Amino acid sequence: MSISLKTDDKSILSVLLYQFLSEKSAYFSFKEFNKVVRDNFISRNDFKFWFDRFSSGKLDEEDDNLSISDMKSILSDDKHRLGACIFFETLKEKKSSIEKPNAEKISDAHSRLCKVIDIDFSEFSFWFNRFIGGNLKLKDYEFSDLPLEIVEKVVENLDYFGRSAFRKVSKNIRKIVDDAQMNVDFLRIKIAETNTAIGFNSINPIRYYEHCGRCYISRGSREREMKDRKHWDLAKNELKIILNLQKFTIDTLKIQFTCFTDRFGRILKSLDNKLHVRHLFLSSDLVHPLEDILPCLKPEILETISVNTFFFCPYVIKRLMGMDQWKKARNLEIYGTLCGFEPTESVLHFENITFYVLRMINDEELAQIKKILLGSSQIKTFCIDVSIRGRIDWNVMEEGLGPLIPGDDGIRRLVSRHKQQFYEIKEEEKSVKFVRKTYY
């Protein structure tokens with residue numbers, strides 16, 4: 001807000017009160033005010049009216065028996081009123097016919113003001129020079145002056161690392177950041193014995209790692225040593241902040257373990273709320289971490305479970321079968337091997353299943369697949385992909401699944417136990433897909 005002694009009622013009234021507290025008469029004050037401001041837009045009678053009101057201890061109609069000390073506090077405690085008084089003293093010096101250095105002008109004006117209002121000289125000097133220079137604003141807008149909805153919009157357009165830096169500004173900003181909606185397409189967490197990486201979408205990840213007994217943080221080309229710290233302690237704190245964000249949605253969460261550890265599981269168990277994740281991808285030598293991760297995801301949100309592992313342990317699969325997250329997910333992707341994937345009942349509820357295998361599957365595994373396909377009324381597509389290594393051997397496929405003789409249209413089919421349905425087999429060099437169809 002700008003100060004004006006012609007149009008701003010609050011500024012005008014503040015100066016009149018300041019003149020009254022300077023123990024000047026209404027007549028003298030009237031002459032002084034109009035000499036400085038000019039135009040005589042306030043009459044002598046108006047001055048007398050206000051001076052009489054001040055004398056009776058009133059500023060506004062609701063005020064009653066204000067003391068001189070109360071009135072001085074009204075001016076000193078309100079930045080706008082105080083600014084109006086400094087501005088008035090600045091105008092007096094600016095329009096004075098006596099030539100003197102600027103420093104002397106500031107000193108004289110400060111001395112007059114201090115008879116009524118106690119103000120530090122450096123603060124007074126700042127405002128005096130500001131007004132002399134023509135800047136009549138009481139203050140420039142700062143970030144903290146912005147409306148809450150604007151600050152929230154700013155936060156929503158920051159990536160996580162921008163938010164992380166911004167939340168350190170103040171407690172109020174931290175609360176705004178932590179309460180703001182944050183949607184990411186991709187969150188990747190890689191945990192190894194001596195390093196941890198956290199990445200969002202396509203931006204450079206932040207890495208915490210140890211090398212030669214020292215701890216470092218790096219992102220892009222920037223690297224900083226963290227003395228007397230352990231990399232996992234730093235990574236753990238960052239992960240807790242990220243995963244505890246109240247309005248945090250993740251389209252794809254990819255977690256990669258290159259060592260066997262329950263570190264991440266302990267973080268998940270400490271979270272206040274379940275995570276909003278649509279697609280989960282786990283890469284680990286063992287499937288065991290899935291037991292810690294799945295219970296911490298919202299079952300009504302999770303759609304896809306992707307696992308890259310050497311083998312599935314039957315007793316782990318049985319425990320997963322009891323989880324709502326496993327039961328409600330619609331898509332299953334397995335990277336690695338089918339060996340040990342039992343019981344087959346654990347996957348019958350999925351709508352789309354894809355196995356990315358490292359070699360051509362054998363008769364035992366094909367029998368397992370046939371059992372799954374014929375036993376499910378939910379599966380819409382079932383794909384076997386050997387593009388990582390190898391190609392589809394149709395002799396092996398027919399030995400394991402039974403005769404797959406093409407029909408008149410040249411398409412192979414696997415007949416379902418459900419009489420009105422069958423699986424149409426789509427062949428490619430390195431993959432085969434079973435697509436559920438219905439007889440019409």
Side-chain angles (χ1 to χ4, degrees), residues 282 286-287 290 303-323 326-440:
L282 170 67
L286 302 174
V287 74
L290 204 57
E303 297 178 8
T304 304
I305 299 173
S306 300
V307 185
N308 184 354
T309 185
F310 285 119
F311 63 93
F312 280 80
C313 302
Y315 65 88
V316 174
I317 296 297
K318 288 180 180 178
R319 289 200 288 268
L320 294 176
M321 287 174 62
M323 298 180 184
W326 182 269
K327 293 176 183 177
K328 294 185 177 182
R330 300 197 299 271
N331 309 306
L332 177 67
E333 297 177 347
I334 304 289
Y335 296 75
T337 176
L338 296 178
C339 180
F341 194 83
E342 291 285 354
T344 55
E345 291 80 4
S346 62
V347 299
L348 297 183
H349 68 284
F350 287 102
E351 295 180 7
N352 304 290
I353 300 175
T354 302
F355 285 109
Y356 298 90
V357 292
L358 299 176
R359 52 169 174 73
M360 181 57 197
I361 51 184
N362 56 38
D363 292 345
E364 181 182 349
E365 291 165 339
L366 284 169
Q368 189 179 19
I369 290 172
K370 185 175 182 178
K371 183 179 179 182
I372 291 172
L373 290 171
L374 298 183
S376 172
S377 60
Q378 301 296 319
I379 294 176
K380 295 179 179 178
T381 64
F382 191 107
C383 181
I384 303 168
D385 190 310
V386 297
S387 58
I388 298 175
R389 192 183 302 161
R391 63 178 59 196
I392 295 294
D393 188 327
W394 279 100
N395 292 325
V396 175
M397 292 288 293
E398 292 200 355
E399 288 177 8
L401 297 177
L404 299 173
I405 302 173
D408 295 339
D409 55 6
I411 298 175
R412 289 185 169 94
R413 292 176 175 83
L414 177 66
V415 179
S416 170
R417 289 176 183 172
H418 304 278
K419 295 182 179 180
Q420 298 300 317
Q421 297 181 334
F422 64 94
Y423 288 99
E424 183 178 287
I425 303 175
K426 296 186 177 182
E427 310 169 25
E428 293 185 11
E429 181 182 2
K430 298 196 174 190
S431 69
V432 57
K433 179 184 285 188
F434 299 83
V435 182
R436 181 182 289 274
K437 299 287 184 178
T438 302
Y439 288 108
Y440 294 100

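As the structure is a computational prediction, the values presented were derived from the model and not from experiment.
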Visitor: Only one of Leu366, Leu374, Ile372 forms a side chain to side chain contact (heavy atoms under 4.5 Å, CB included) with Lys370, so which one is it?
Guide: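 Single side chain to side chain contact (heavy atoms under 4.5 Å, CB included) partner of Lys370 among Leu366, Leu374, Ile372: Leu374.
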Visitor: Could you go through Phe382 and Phe350, starting from their C-alpha distance and side-chain angles, then the distance that decides it, and tell me whether this counts as ring-ring contact (aromatic ring centres under 6.0 Å, His included)?
Guide: CA-CA 10 Å; Phe382 191 107; Phe350 287 102; over 10 Å; no
Visitor: Is there a donor-acceptor contact under 3.5 Å from the side chain of Arg413 to the main chain of Ile411?
Guide: yes
Visitor: Return the minimal non-hydrogen interatomic distance between His349 and Lys327, and the atom names on each side.
Guide: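 Shortest heavy-atom contact: CD2-O, 2.9 Å.
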Visitor: Kindly compute the distance separating CD1 (Ile353) from NZ (Lys433), expressed to the nearest 0.5 Å.
Guide: 13.0 Å
Visitor: Please state whether the rings of Tyr356 and Tyr335 are parallel, tilted or perpendicular, taking 30° and 60° as the class boundaries.
Guide: parallel
Visitor: Is there a donor-acceptor pair under 3.5 Å between the side chain of Trp326 and the backbone N or O of Ser346?
Guide: yes
Visitor: Rounded at 0.5 Å granularity, tell me how far CZ in Phe434 sits from CG in Leu373.
Guide: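 The CZ atom of Phe434 sits 6.0 Å away from the CG atom of Leu373.
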Visitor: Will you find, in the side chains of Asp385 and Ser431, an N or O donor that is under 3.5 Å from an N or O acceptor?
Guide: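 Checked: Asp385/Ser431 side chains show no N/O donor-acceptor pair below 3.5 Å.
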Visitor: Is the closest side-chain heavy-atom distance between Leu332 and Ile334 below 4.5 Å?
Guide: yes
Visitor: Rounded to the nearest 0.5 Å, how far does OG of Ser376 lie from CZ of Arg436?
Guide: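 So the CZ of Arg436 and the OG of Ser376 are separated by 5.5 Å.
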Visitor: Would Val316 and Leu290 count as a side-chain contact (heavy atoms from CB on, under 4.5 Å) if you check the C-alpha gap in whole Å, the side-chain angles of each, and the deciding distance to 0.1 Å?
Guide: CA-CA 9 Å; Val316 174; Leu290 204 57; 5.8 Å; no
Visitor: Side-chain contact test, heavy atoms from C-beta onward, threshold under 4.5 Å: evaluate it for Asn331 versus Ile305 and give yes or no.
Guide: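 No, every pair of side-chain atoms sits at 4.5 Å or beyond.
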Visitor: For Gln378 versus Leu348, what's the shortest heavy-atom pair and its separation?
Guide: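 Closest pair (atom of Gln378, atom of Leu348, distance): CB-O, 3.5 Å.
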Visitor: If I compare all heavy atoms of Ser306 with all of Glu333, which pair ends up nearest, and what's the gap?
Guide: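 So the minimum-distance heavy-atom pair works out to OG-OE1, 2.6 Å.
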